[in-house]
Amino acid sequence: MLEQIPSSFKECKQVRFEEDRQGFAYVHLVHSSGVSEAKIYLFGGNIVSWKVDGAEVLAMRGDFDLLSMDGTKPISGGVPHCFPQFGPGEMQQHGFARNMMWTVCDAKDTCKTRGDAPSVTIKLLPTEYSREMWNHKFEVLYKVTLMEADLHTSLLVINQQASEEFAFSTALHSYFAVSNIANVEIEGLGREGQKYLDKVEDAKNPPEKLAEDGALGLTSFTDRVYLDAPPELRVVDTEQGSALKISSTNWPEAVVWNPFQEKMNSETFICVENAVVQQPVTLLPGQSWRAEMSLTRGKL
Ligand SMILES: O=P(O)(O)OC[C@H]1O[C@@H](O)[C@H](O)[C@@H](O)[C@@H]1O
């Protein structure tokens, strides 16, 4: 699949184009300090790995094996896209972006000019497959930038239609690696009076509930959409002694999901997803929407 990548992009040392043993192409960002690296699969436009000081920050779900995937199912782990629909609805669960091939549209310039912050921009355009579910002309651009201890993402959705608007919901369905779910708290969610939709009770029509006070810890199957999420969250792991900061712009909600299921190895990850769910984004012809999310790995 590497032949899809323009040869002018192949010169960068910090932005490498590689292929796994099944032939799936990925972009390998390597920080010049040697401290961090990230891998972004073109299948699903998914950041499957981000390592800082050799430690993996992201997680793969136990019921999914990246090394034996065949492209028939989305990658369950890393940072999958939910687009143009979050969750169940008129089209398949979480839309189609996570099932499709994205293409590289910028890399060379950024890696040459940005030095210590290699980045890549990948793009998703409609195909026959997507049009069957959502017959709209759109362009999605996703830029991933690697810094020494931070990973930055910028998602841009453009309505390319001449006269029709469209509406979408979306999320970055991040899976974070944890020592054990019992050792984890999410700071920024769970303050008294904060509203959330409880998808455990009803995934299609979740009732709205009010949080009790305190940082959020998970003790059983949890599937919640926190409304009006603050622009900064922290996933604190007391055993690892780590705190992962999630900073966001224009992502109004945060989904917290853990199925508490052994076959998914769910004690080893937590999903904290930046999302737009309750109020879909409507774009008029020519309009665009951008949202940013940064992850910073730090110590407690
Ligand atoms: O198994 P999937 O399709 O990747 O979805 C996993 C979970 O993703 C979460 O975002 C949803 O809130 C859950 O309801 C869902 O079960």
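Order of appearance sets the numbers: ligands from 1, and atoms from 1 within every ligand.
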Could you give the N/O to N/O pairs under 3.5 Å linking ligand 1 and the protein, each with its distance?
from	atom 1	to	atom 2	distance (Å)
ligand 1	1 (O)	R61	NH1	3.1
ligand 1	3 (O)	Q93	NE2	3.1
ligand 1	3 (O)	R98	NH2	3.0
ligand 1	4 (O)	R98	NH1	2.9
ligand 1	5 (O)	Q93	NE2	3.2
ligand 1	5 (O)	H94	NE2	3.4
ligand 1	8 (O)	H94	NE2	3.1
ligand 1	8 (O)	H173	NE2	2.7
ligand 1	10 (O)	H173	NE2	3.2
ligand 1	10 (O)	E273	OE1	2.7
ligand 1	10 (O)	E273	OE2	3.1
ligand 1	12 (O)	K199	NZ	3.1
ligand 1	12 (O)	D223	OD1	2.6
ligand 1	14 (O)	K199	NZ	3.3
ligand 1	14 (O)	D223	OD2	2.5

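- For the side chain to side chain donor-acceptor pair (under 3.5 Å) with Y26, the qualifying choice from E18, R16, E19 is E18, the only one to do so.
- The aromatic ring centroids of W102 and Y41 lie 6.0 Å or more from each other.
- Tested against H94, the residues W257, F86, F168 include a single ring pair (Phe, Tyr, Trp, His ring centres under 6.0 Å) partner, F86.
- In the model, E37 has no side-chain atom that pairs as donor or acceptor with a side-chain atom of H31 under 3.5 Å.
- Taking NE2 of H81 as the reference point, atom CG of L155 lies at 6.5 Å (rounded to 0.5 Å).
- Scanning all heavy atoms of the two residues, the minimum distance from V276 to P252 falls at CG2-CD, 3.6 Å.
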